[in-house]
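These notes concern the structure reproduced below.
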Amino acid sequence: MTSTSPIAATSTSTPAPAIALQDLEKSFGAIRIICGIDLVIPAGERHAVIGPNGAGKSTLFHLISGHYRPTAGSIRLNGEEIAGMAPEKINRRGLSRSFQITNIFPQLSVWENIRCATLWSMGYRYAFWRNVERLADAREKTERILSEINLLHRWNVPAGELAYAEQRALEIGLAIAGDASVLLLDEPMAGMSHAETERMVGLIRTVSEGRTLLMIEHDMSVIFGLADKISVLVYGELLASDTPENIKSNAAVQQAYLGTEAA
Amino acid sequence: MTGTSFSLPPPTPGGATSNPVLRYGIWVLVAAGLLLLPQVFSSGLAISTMCLMGTMVIFALSYNMLLGQTGLLSFGHAVFLGLGGFLTAHAMNMGADGLFPLPLMFMPIVGGVTGLAFGILFGAVCTRRAGTAFAMITLGIAELVASSALILRHVFGGEEGISVDRTELPQPLGIVFGPQIEVYYLIAAWCFVSMLAMYAITRTPFGRMCNAVRDNPVRVSFIGYNTTTIRFIAFSLAGLFAGIAGGLTAINFELVNAAQMGAAESGTVILMAYIGGTGFFAGPIIGAVLVTYLQLMLSDITNVWQLYFGLMFIGIVMYAPNGIVGLLAAQRPLLERRCLHRMIPYYVLALVPGLGALAGLSMVIEMTTQLSVSGSEGMSMSLMHIPFEADSVVPWSIAVVLLLAGGYGFLRAAAVTRNAYDTATADRRAG
Ligand SMILES: Nc1ncnc2c1ncn2[C@@H]1O[C@H](COP(=O)(O)OP(=O)(O)OP(=O)(O)O)[C@@H](O)[C@H]1O
Ligand SMILES: [Mg+2]
């Protein structure tokens with residue numbers, strides 16, 4: 001079967017990569033924050049993005065998740081072009097994310113937080129004629145996710161009253177509740193103690209099972225055990241994208257990033 | 001550590017309402033209350049007051065679908081009340097001429113359909129924005145409709161409005177709806193159905209997503225929902241129920257005029273929802289009943305009753321932002337801990353100087369009114385049956401002392417009370 005479509009990379013034999021970025025650019029006014037990024041992440045890979053403060057890591061996530069509209073370039077999710085799409089449309093195509101700064105529903109209970117995040121994927125959409133308490137499948141799933149993120153015992157607490165680490169876990173719960181195949185986690189361990197970080201790494205390992213994971217992290221030691229691949233972003237450009245071992249020994253990376261960090 | 005090791009109560013989201021006896025019991029009580037009220041308050045004035053309250057309860061609840069549930073501050077909600085009322089009035093007049101054979105008891109449907117249609121029309125414009133922009137657009141729409149009312153005289157009846165005679169409509173069950181008590185039961189029935197429907201909507205996937213949009217609209221778009229669509233549906237449904245309230249208003253007063261969709265009415269519904277408490281389903285119900293009662297009562301005893309409303313509103317916003325129902329709900333942790341009795345003295349302690357300050361304030365207001373507005377009628381006046389002269393020194397001294405001492409006492413007592421409350425509830429968490 002010969003394909004005449006412009007998406008030459010997606011032949012019928014190899015599945016489309018989960019995420020494919022091509023010449024991706026983002027400028028705010030005259031300032032270029034993302035300066036032409038090419039990156040391919042195959043389905044099922046755990047991929048980490050590292051880089052110094054202000055490198056544009058969060059901006060890159062905002063572009064992929066639809067929070068920002070790219071200035072130029074293409075973003076493909078499972079082979080489909082999503083650049084410039086609204087966040088909810090991208091989410092419905094199987095990509096969900098967490099935020100660097102905790103972004104939850106503070107007045108809703110922990111239970112409502114997670115259940116709201118399950119509703120769309122379960123097909124309930126905008127139904128204003130069905131009793132939400134009678135949706136057994138949504139209830140089961142909410143319960144399962146809450147026990148996965150270890151917050152079931154806190155189900156009745158307003159999310160705004162949770163401890164910080166618990167709120168970070170709830171963020172993860174919101175991201176996985178909709179059965180997304182691609183997860184974007186923006187510094188999920190930021191601001192956590194050592195023990196909390198360890199627990200979070202374990203959680204991320206389980207929830208990313210069977211999904212594609214793209215995560216931002218500052219602490220290199222954390223991701224070495226977790227990531228299959230690491231990309232280094234400096235001043236809006238990809239310096240390298242390789243296995244953790246090769247990244248560690250990459251001279252340019254050491255110069256630009258690790259050298260200053262490790263010192 | 002996994003969740004399975006906890007012996008927790010099965011998650012029963014919805015909290016106390018998940019008890020079926022409680023859940024349905026409340027509605028049975030409400031229905032019984034609506035049926036029995038005219039037995040308790042049987043005077044003609046009481047019945048017509050309750051008729052007005054019933055329509056306002058629907059109106060305020062419909063408004064809270066926006067403000068309390070979805071976090072949308074609309075300044076033009078009376079537009080839907082008014083348009084629903086006008087269309088119902090026209091339908092009733094057509095019915096009287098035999099052109100539109102809908103029995104009177106179903107006429108509020110016309111109001112509801114009208115409210116829904118205009119909710120969809122205006123909602124398509126204003127729900128594209130949230131926050132301040134949304135509020136400004138609703139203000140613009142309210143102005144637009146108000147000025148149309150002046151131009152389209154045969155639709156809106158100009159100054160006099162449109163009058164109807166509800167007794168001229170078809171009477172399938174032999175109910176003429178002449179006596180006010182029959183109108184009461186009609187309004188009570190619609191009020192009950194509307195309350196039930198609006199409550200049910202809060203417990204649907206859509207209802208929960210409204211709360212999510214209120215809390216954090218940005219996050220909502222990353223869990224698959226379009227925030228504009230949620231706001232749009234909420235706005236349309238709020239229009240539907242406001243339109244039903246408008247239809248009932250037309251039946252109740254047998255008159256609709258442009259004032260009913262004016263800015264004052266849109267402001268009143270904000271007051272009702274807020275004073276009652278926007279964070280609770282019962283809040284707007286309590287608010288609508290109280291504000292309607294005070295409007296009728298205060299306008300009998302003072303010319304500047306609106307001023308008191310303004311003060312009450314400011315007081316609630318500053319000292320009880322969760323409204324009256326919020327104040328009541330705050331007693332629940334105390335009840336659970338069985339220490340409400342320990343707080344009562346503090347409440348009395350705060351209430352006494354508070355009432356003193358209020359008395360002083362209302363003296364100042366009433367004496368100022370007498371001096372400036374009613375001055376031509378002389379300076380003799382009376383408050384609480386005590387006659388005095390508005391331009392003499394003694395009452396002014398009493399007023400100022402009451403106001404200052406009471407106000408100071410209230411602020412101090414409020415601080416002490418808040419501390420005591422925090423201590424009492426903090427104990428609970430630790431224990
Ligand atoms: N909306 C915006 N408007 C203007 N400039 C922006 C905007 N968002 C981000 N920037 C700029 O883009 C640059 C990259 O920001 P970004 O948040 O992506 O960095 P980051 O790599 O995530 O950094 P950190 O490690 O601190 O989270 C920063 O200089 C920031 O000031
Ligand atoms: Mg960042």
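So you know, we letter chains A, B, ... as the sequences are listed, proteins then strands, and number each from 1.
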By number, which residues in residues 100-108 of chain A have some heavy atom less than 4.5 Å away from chain B?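 The residues closer than 4.5 Å to chain B, in numerical order, are A:N103, A:I104, A:F105, A:P106, A:Q107, A:L108.
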Measuring heavy-atom distances to chain B, does [X] have an atom under 4.5 Å in its side chain, in its backbone, in both, or in neither?
{"X": "A:R134", "value": "side chain"}
{"X": "A:A127", "value": "both"}
{"X": "A:S65", "value": "both"}

Minimum side-chain heavy-atom gap A:C116-B:M209 below 4.5 Å: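 SC-SC contact between A:C116 and B:M209 confirmed.
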Is there side-chain contact between B:N226 and A:R92, with at least one heavy-atom pair below 4.5 Å?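 Yes, at least one pair of side-chain atoms sits under 4.5 Å.
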Quick check on the interface: out of [options], who has the most heavy-atom pairs with chain B under 4.5 Å?
{"options": "A:A117, A:S109, A:A86, A:G178", "result": "A:A117"}
{"options": "A:G66, A:S96, A:P87", "result": "A:P87"}
{"options": "A:R199, A:R93, A:R97", "result": "A:R97"}

Counting distance only, does the side-chain N/O of [X] pair as donor-acceptor with the main-chain N or O of [Y] below 3.5 Å?
{"X": "A:E166", "Y": "A:A163", "value": "yes"}
{"X": "B:T204", "Y": "B:A200", "value": "no"}
{"X": "A:S98", "Y": "A:E171", "value": "no"}
{"X": "A:K26", "Y": "A:R69", "value": "yes"}
{"X": "A:S208", "Y": "A:R211", "value": "no"}

Aromatic ring pairing A:F99/A:H62, orientation class (parallel under 30°, perpendicular over 60°, tilted between):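 The arrangement is tilted - the two ring planes meet at 30° to 60°.
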Heavy atoms of A:Y124 and A:A138 approach each other most closely as CE1-CB, 4.4 Å
Can you name the side chain to side chain contact (heavy atoms under 4.5 Å, CB included) partners of A:E148, sequence neighbours left out? A:I176, A:V207
Considering only heavy atoms, which portion of [X] lies under 4.5 Å from any heavy atom of chain A: side chain, backbone, both, or neither?
{"X": "B:V218", "value": "side chain"}
{"X": "B:I230", "value": "both"}
{"X": "B:A212", "value": "both"}

